[in-house]
Visitor: 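Sharing a structure here in structure tokens format.
In listed order, ligands and their atoms are each counted from 1.
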Amino acid sequence: MTFVTLEGPDGAGKSTLSVGIKRELESMGFSVVALREPGSTPVGERVRAILLDPAVGALDPMTEALLFSACRSELVRTAIRPALAAGSIVLLDRYFDSTMAYQGAGGGADPGALEALALAATGGLIPDLTLVVDVSPNVSARRRLTSPDRMEAKDHAYRARVRESFLSLPNRRPGRAIVLNGESDREALVAESVAEIIKRIPRVIP
Ligand code: TMP
């Protein structure tokens with residue numbers, strides 16, 4: 001029914017926000033399917049483990065993009081499209097905007113090639129709403145785990161380019177993307193997110 005993605009730098013608090021949004025929407029009677037990328041399918045979780053394993057070391061950004069996109073293709077076809085068709089709200093933690101931010105802006109992969117890849121992986125499925133949860137680099141660093149995974153271990157300049165890419169999303173995708181302050185009160189963040197989602201739910205005419 002309605003497709004919502006959550007985006008933002010590492011440590012922004014997307015996963016906690018997703019739990020709060022799901023709970024609130026379900027209490028209003030909506031069916032909500034919460035998923036994450038990479039992951040949420042058997043193959044996606046296994047590829048996630050490879051992508052985040054520090055022992056894998058440096059990868060070319062296009063190699064990374066292909067691996068993330070393989071997870072995305074599987075998830076779109078086996079979980080997201082069926083859930084949308086069944087009338088659920090799909091709440092997805094990261095989608096192709098993350099590939100544009102991390103592998104594109106951060107890693108330097110060609111944006112045109114990444115867009116073509118996004119189209120192939122998703123079959124053109126675009127979110128109705130993208131909530132960009134932003135936090136300052138200091139808060140992001142504090143919230144990241146003490147033992148960073150392979151993606152969290154990227155340097156400061158890389159992470160700054162990633163954040164800039166996310167912050168520019170509302171300009172690049174007006175109407176679809178909005179930025180939320182991930183440092184504000186959790187209840188307020190849930191309420192603001194739910195209000196934006198409700199606006200995008202198609203009305204049933206009695
Ligand atoms: P998560 O920590 O939000 O679950 O995401 C896993 C990591 O993978 C995070 O550091 C962001 C990164 N990532 C990309 O670099 N490209 C992508 O396309 C996606 C979906 C995630």
Visitor: Does the plane of the ring in Tyr102 sit parallel, tilted or perpendicular to the ring in Phe166? Use 30° and 60° as the thresholds.
Guide: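 Judged by the thresholds at 30° and 60°, the geometry between Tyr102 and Phe166 is perpendicular.
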Visitor: Walk me through whether Thr5 and Thr130 qualify under side-chain hydrogen bond (donor to acceptor under 3.5 Å, both in side chains).
Guide: CA-CA 5 Å; Thr5 56; Thr130 296; 2.8 Å; yes
Visitor: Heavy-atom count around Arg172 CZ within 6.0 Å, excluding the residue itself: above 12?
Guide: yes
Visitor: Please find out if less than 6.0 Å separates the ring center of Phe68 from that of Phe96.
Guide: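 When the ring centroids of Phe68 and Phe96 are compared, they turn out to be at least 6.0 Å apart.
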Visitor: With respect to Arg23, which candidate in Val19, Ile21, Leu25 satisfies the side chain to side chain contact (heavy atoms under 4.5 Å, CB included) definition?
Guide: Val19
Visitor: Apart from Leu119 itself, what residues make up its hydrophobic cluster when side-chain heavy atoms of I, L, V, M, F, W and Y under 4.5 Å apart count as a link, directly or indirectly?
Guide: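 Same cluster as Leu119: nobody, lone residue.
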Visitor: Hey, which residues fall under 4.0 Å of ligand 1 on heavy atoms?
Guide: Asp10, Lys14, Glu37, Arg48, Leu52, Phe68, Arg72, Arg94, Ser98, Thr99, Tyr102, Gln103, Met151
